[in-house]
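The structure appears below as structure tokens.
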Amino acid sequence: MKTVRHVTSALAEDIQSGLRQPGDQLPPHRQLAWELGCSVATVSKAYRNLERQGLIYGHVGRGTFVKEDVRAHDQADIIFPRSVTEPAGPSEIDFTLNFMRHPSGLALMQKGLKRLVHRSATANYQTYTDSRGAARDRKSGARWLARFGLTADPDDVIIAPGAQSAIYAAIQAVAGANSAIAAEAYCYPGFRAAIETIGARPIPIAMDGEGLIPSEFEKACRMHAIAALVTMPKNQNPTGVTQPLARRMEIA
């Protein structure tokens, strides 16, 4: 009798080899269980495993389908597709990541790391700390936000280990599975990854030369129960567009 591991491995191999193409619908649980001679519970667990691996997705009322771009899949692809993590070819321009170049950037980084090393004697890095971040780091974050006109209590500031984890946390705080989240039609891949990981539905909003189009956002809000809007108004990734103030106010 087939085990969960056997069913998961067999289906994953079919997907990665191209036997099951992106967009193909997988058999219903009962049908596949009958074909394989196993229980419905075994198939259900195998489907859950494949969904956690980012190979398939389920749609209530429609069925289970193979995700796009899942060949040669590995764990990194759950966050970013391979096209993002692999370097661009010699004739390609990589628009998946953007960087703010500064002539003194490396020197400033080295200076900051040296200061951190010298002060490490006063910090305890060998035990658990407040999951929100150190108190003085949260105070520094609050002071930094104040420079941009945003008043924040240090107790309301959370230090994240990176931008992507902060994106995940923020989206999970305002939306859940099956929520509709509006995002720019051309949006940062990390936004899309976070939206899909929590099981929400991305609602693409059309853009023009000034970024997200307010009337298109309003139209989406009338058609869907939008839980959140994910937008990057300045130096938008990947287009590089910065929204004018009037456009930002109209969207707000």
Side-chain angles (χ1 to χ4, degrees), residues 45 48-55 57-58 67 73-82 84-85 96-100 102 105-106 108-184 187-203 225-237 252:
K45 290 177 182 177
R48 283 199 295 272
N49 288 343
L50 292 168
E51 194 163 1
R52 280 195 293 267
Q53 293 174 29
L55 293 173
Y57 68 96
K67 272 193 172 182
H73 184 277
D74 57 30
Q75 284 299 107
D77 289 340
I78 295 176
I79 300 177
F80 290 111
R82 186 174 296 277
V84 172
T85 56
T96 58
L97 301 173
N98 60 357
F99 299 93
M100 297 297 290
H102 192 286
L106 180 59
L108 290 170
M109 179 70 74
Q110 291 173 335
K111 182 180 178 181
L113 290 174
K114 286 178 180 177
R115 290 177 60 187
L116 181 62
V117 169
H118 288 308
R119 85 176 191 191
S120 63
T122 62
N124 188 352
Y125 295 122
Q126 299 179 7
T127 187
Y128 292 106
T129 59
D130 191 329
S131 59
R132 299 172 301 169
R136 71 177 181 181
D137 292 338
R138 288 186 279 112
K139 289 179 181 177
S140 295
R143 287 197 299 270
W144 182 80
L145 290 170
R147 293 170 54 190
F148 302 94
L150 181 61
T151 301
D153 189 306
D155 285 338
D156 295 328
V157 175
I158 297 175
I159 306 298
Q164 190 61 34
S165 63
I167 290 170
Y168 273 85
I171 290 179
Q172 285 184 307
V174 298
N178 300 317
S179 298
I181 301 181
E184 291 143 336
C187 72
Y188 172 54
F191 289 156
R192 182 64 179 263
I195 291 170
E196 292 187 346
T197 296
I198 69 169
R201 294 181 294 114
I203 307 297
I226 302 295
L229 168 66
V230 177
T231 181
M232 192 180 293
K234 188 170 185 179
N235 191 30
Q236 201 269 348
N237 183 334

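FYI, side chains are in, hydrogens and waters are out, and symmetry mates aren't considered; it's all heavy atoms of this structure. Since we're looking at a predicted model, the values are computed, not measured.
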Distance check, rounded to the nearest 0.5 Å: [X] atom [atom1] versus [Y] atom [atom2]?
| X | Y | atom1 | atom2 | result |
| --- | --- | --- | --- | --- |
| S131 | I159 | OG | CD1 | 11.5 Å |
| D130 | D137 | CG | CG | 10.5 Å |
| L55 | K67 | CG | NZ | 9.0 Å |
| T231 | Y188 | OG1 | OH | 15.0 Å |
| I195 | I181 | CD1 | CD1 | 5.0 Å |
| R48 | E51 | CZ | CD | 9.5 Å |

Which atom names give the shortest non-hydrogen contact between [X] and [Y], and what distance separates them?
| X | Y | answer |
| --- | --- | --- |
| A225 | A180 | O-CB, 3.8 Å |
| A194 | I167 | CB-CG2, 3.9 Å |
| Q172 | I198 | CG-CG2, 3.3 Å |
| F191 | I171 | O-CD1, 4.3 Å |
| A152 | A142 | O-CB, 3.5 Å |

Just wondering, do R52 and N49 contact through their side chains at under 4.5 Å, heavy atoms?
yes
When you compare the side chain of Y57 with that of E196, does any pair of heavy atoms fall below 4.5 Å?
no
Would a distance-only check, ignoring hydrogens and angles, find a side-chain to backbone donor-acceptor pair under 3.5 Å from Q164 to G190?
yes
Checking D155 now: which residues fulfil side chain to side chain contact (heavy atoms under 4.5 Å, CB included) with it, not counting sequence neighbours?
R132, R138, D153
